[in-house]
Amino acid sequence: MGFSTLKRESSLVTLILLFILSDFSLNVASNSIEAARGLLKWKATLQNHNNSLLPSWTVDPVNATNITTPCTWSGISCNHAGRIISINLTSTSLKGTLDQFPFSLFSHLSYLDLNENQLYGNIPSPIGNLTKLKFLNLSSNHFSGKIPSEIGLLTNLEVLHMFVNHLNGSIPEIGHLSSLKNLALDGNHLDGPIPVSIGNLSSLVGLYLYNNSLPGSIPSSIGNLSNLVYLFLKKNHLRGPIPSSFGYLRKLTKLELSNNQLSGSIPQEIGNLKLLTDLSLSQNQLRGTVPSSLSNLSSLEILHLYDNQLSGHIPQEIGNFMNLNSLSVGGNQFTGFLPQNICQSGSLQYFSVHDNYFIGSLPKTLRNCTSLERVRLEKNQLIGNISDDFGIYPNLKLFDLSYNKFYGELSANWGNCPQLGILKIAGNNITGGIPPEIGNTTQLHELDFSSNHLVGKVPMELGKLTSLNDLILNGNQLSGGIPPELGLLTDLGYLDLSANRFSNSIPGNMGYLLKLHYLNMSSNELSQEIPIQLGKLVQLSELDLSHNLLRGEIPPEICNLESLEKLNLSHNNLSGSIPTNFENMHGLLSIDISYNELDGPIPSIEAFRHAPVEALQGNKGLCGEVSGLQPCKALKSYKHVHRKWRTVLFTVLPLLAALALIIGLIGMFVFSQRRKKDSQEQEENNRNNQALLSILTYEGKLVYEEIIRSINNFDESFCIGRGGCGSVYKAELPSGDTVAVKKLHSFTGETTHQKEFLSEIKALTEIRHRNIVKFYGFCSHARHSFLVYEYLERGSLARILSSEAATEMDWSKRVNVIKGVAHALSYMHHECRPPIVHRDVSSKNVLLDFEYEAHVSDFGTAKLLKPDSSNWSELAGTYGYVAPELAYTMKVTEKCDVYSFGVLALEVIKGQHPKDLLSSLSDSSLPGANMNEAIDHMFDARLPPPWLEVEVEDKLKSIIEVALLCVDANPERRPNMQIVCKLLSGQ
């Protein structure tokens, strides 16, 4: 072949190559122009104000028929051949839909980011045409509808983000996306189960499905994702156990499953995740103990297990985690001691163990743990000297150790916590005074020192706490006047100073607390008049000034309190009539003005018309159309007649007096011999009359004679029961009411029965609760001494359980009976001041009404616990219910009632006294298997077996577990009745 021939062939090849390249370039340019036109068409559908949106997306400014290359547009990137491979329009204020987006024109697109815009509507199914796509982010928009199934065709995807939209339905089948590394669908409304095929995404590093409504169980196939580092499934509706297969996720650093409905126990295999820094399992229904394997998680920084049903001990080794900055295990049933090295790392910021049964002293490492920001220790059984256990915390914002057993005095160090916002030390045994240095914590907005034994005056320095919203000091022994500096706390919304020894007058500058919605100064020694400035507290919804020494009239300015719903002025020395302005207080729901010296008509508003007689009694001059009060017309007529007779008497009386004097002189000699005898008879009559002064008042009427007549002077035919210190009679009064009359056995002088009688009177006059027998009154008379209660139709719980009537008392009724008794005892122990211990809680002293509602009765052995007394007492109670420690300590505490309640609860479920089980519990060698077997035989055989309904069985077993805690031989380990009520609240 000659040179010329080769030259011609070479030129031909060149021409062919040039033609191919030219054609390719023309195609690329054509596709680029077509894509550009498609984008401009889509842009035209967007809501575009003043044509300011994407200004570089435009036609050729010289020739409007030409379109500039999109590769120069903002947010668009092309490859070397001019094809669009990336569109990044994040945070560009796009508002519209994707309906006109030209998905089919981007066959080479690998990156699409429309994050943080205002796009809405459905995600179109043509998105499945982007087969080269590796990165897709449609997050933080307003997309709705379902995720299109075509997403499953994007097999090259590495990142799929659609979080924070309004998407619903199920997660589509995405098991073929084997290259996917990040899947974020959180913050939507997805409500289908997690697909099992998600376990095929072997490259997945981050899985974010939280803040949805995903139901069902967690697929165990997630355990196949060996490259997973982040797993977030919190805030869904997931049920069932935590898969043990999670133990294979060896690269996992964050596991968040909180706020679901997961059950079962924490898998031991979690301890294999040694790289874990964040473990959050809170707000579920997890049971059982914390596995010891958690001690292997040496990298852990966050451990959240709060609000579950976990029990047992916290492994002490948890305190050795060198990087721990947040431990939250509150709201469980943990026992034992707190981890002693909890702040060994020096980085602990959040420490929350509230609402458990932890005992013992606080970890010593807490004293110097200056990193602390939030500490919640409330509602445990922790003990220690508060003066020594705490230091100075410069970063502390919240501190709560309420309702424990701490003692000692408040330290001035609390004034050196400059960021402290909440300080609560209620319900302990704190003594001494309130340190003035507390006034230095100027960021404080909630201060609660209630239910302690604090004494002395409230320091005026508290007036510096101008950010304070809540000030709660009730239930102490604080004295002196209420400092007027409290009037400077103008942000105060809640103020409780009740049950102290405050005296003098109520400061008028309390009227400056314009944000106050709750004010309670009851049970003090406050005197003088109610200041009219209180009428300025227009946001006040509850005002309680009861049980003081206040005098004068009710100021009309009180009626300016348009938001007032509850008003209690009872047990004072208030006089005069009720202001007529009350007629305008239609928002008032509850009123109590009993035991004052008020007179005149009651206002004609619902709060007064529907008030119980107890809220109005003790005022001799009140009248109105309310049960227990005289009609105002009758009272007016009586007063008119009284005035008329008084005029007549003042006219005739001098004449009668003169005549009487003459007759008296004549008769003096005649009757001189009988003077001694008459004097003796008069003395006897005085004693009887004096006794009659304590006769009961029932609905405003003396009913002593009515009662005696209705039961024919305590005839045996009316007797319905007998007890150790008296007999009970059923009395049907002429009014139609039926009451129970408990006549005590005869006593004279300071006998034991008289003490029991007075003890019962003292207790009953101070307590009111729906689950405590209503007390109507008493009579202390030379002939008879008796109490009058409401009559309860079904009689005692003991009688029902021992009769055929037990079959009508089904499981739900029995659960309610147990709860009712628990609430009554909780009220007596924790809401009465001083606390009342019943000391004879038993089935014979629980009465049932027609609806099987429980009412605790018989307070003959009740004891009022005094904080300044050792409360030693003689042994009292019913055999089989008495706490074992009373046999050797004779010291009465609330825990004695807790033990009796535990016995009672077991009796209600078993249908008879659980003496065999109690004997077994006293045997420390009893193995757990035998105990479980004993519990299985705890159910009353007269009722259908509870295992026929799983939910019923679970409730009863939970109650048995609580009851077993109550009958613990060690009173320190028994829960108090507040905790018992909480444990029973879910049953």
Is any side-chain heavy atom of [X] closer than 4.5 Å to a side-chain heavy atom of [Y]?
X	Y	value
Glu409	Ile386	no
Lys379	His354	no
Val739	Tyr789	no
Leu462	Glu485	no
Val856	Val841	no
Met521	Leu519	yes
Leu471	Leu492	yes
Ile530	Leu569	yes

Polar side-chain atom of [X] near backbone of [Y] as donor-acceptor pair, under 3.5 Å:
X	Y	value
Asn568	Leu543	no
Asn440	Ile438	no
Ser563	Ser541	no
Asn816	Tyr852	no
Asn771	Ala854	yes
Asn404	Gln381	yes
Asn504	Gly480	no
Asp496	Ser498	yes
Asn572	Leu550	yes
Asn619	Ile593	yes

Is there a donor in the side chain of [X] and an acceptor in the side chain of [Y], or the other way round, less than 3.5 Å apart?
X	Y	value
Gln617	Tyr595	yes
Asn429	Lys405	no
Asp849	His855	yes
His829	Asp897	yes
Asn500	Gln477	no
Asn380	Asn356	no

How long is the span from the [atom1] atom in [X] to the [atom2] atom in [Y], to the nearest 0.5 Å?
X	Y	atom1	atom2	result
Ile383	Tyr407	CD1	OH	6.0 Å
Ile979	Leu984	CD1	CG	12.0 Å
Met460	Lys457	CE	NZ	9.0 Å
Ile482	Asn524	CD1	CG	6.5 Å
Leu545	Leu526	CG	CG	8.0 Å
Ser570	Leu598	OG	CG	11.0 Å

[atom1] of [X]: more than 12 outside heavy atoms within 6.0 angstrom?
X	atom1	answer
Lys895	NZ	yes
Lys774	NZ	no
Glu525	CD	yes
Tyr518	OH	yes
Glu606	CD	no

Take Gln533 and Asn509 through the side-chain hydrogen bond (donor to acceptor under 3.5 Å, both in side chains) test and state the conclusion after the steps. CA-CA 7 Å; Gln533 291 88 340; Asn509 63 358; over 6 Å; no

Side-chain ion pair, [X] and [Y], N-O less than 4.0 Å:
X	Y	answer
Lys566	Asp544	no
Lys620	Glu597	no
Glu625	Arg609	no

Where is the tightest heavy-atom contact between [X] and [Y], given as atom of each residue plus distance?
X	Y	result
Ser467	Asp491	CA-OD2, 4.3 Å
Asn474	Ile472	OD1-CG2, 3.0 Å
Gly427	Asn452	N-ND2, 3.8 Å
Val980	Phe901	CG1-CE2, 3.6 Å
Asn428	Tyr403	ND2-N, 3.6 Å
Val898	Met977	CG2-SD, 3.8 Å

Could you check whether the rings of His769 and Tyr827 sit parallel, tilted or perpendicular, using 30° and 60° as the cut-offs?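 Because their plane-to-plane angle lies in the 30° to 60° range, the rings of His769 and Tyr827 count as tilted.
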
Look at the rings of Phe399 and Trp414 and say which category their plane angle falls in: under 30° parallel, 30 to 60° tilted, over 60° perpendicular.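 The arrangement is tilted - the two ring planes meet at 30° to 60°.
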
Are Leu377 and Asp400 close enough, and set up right, to give a side-chain contact (heavy atoms from CB on, under 4.5 Å), and what steps lead you there? CA-CA 6 Å; Leu377 309 173; Asp400 191 347; over 6 Å; no

Show your reasoning for whether side-chain contact (heavy atoms from CB on, under 4.5 Å) applies to Leu495 and Leu497. CA-CA 7 Å; Leu495 177 59; Leu497 303 177; 3.8 Å; yes

Output, in order, the C-alpha distance, side-chain angles, deciding distance and verdict of side-chain contact (heavy atoms from CB on, under 4.5 Å) for Leu398 and Leu396. CA-CA 6 Å; Leu398 181 152; Leu396 192 64; over 6 Å; no

Worked verdict on Lys424 versus Glu446 for salt bridge (charged side-chain N to carboxylate O under 4.0 Å, His left out): CA-CA 8 Å; Lys424 300 171 111 179; Glu446 187 170 347; 3.2 Å; yes

Test side-chain contact (heavy atoms from CB on, under 4.5 Å) on Leu444 and Leu423 and set out the steps. CA-CA 8 Å; Leu444 209 61; Leu423 178 59; 4.1 Å; yes

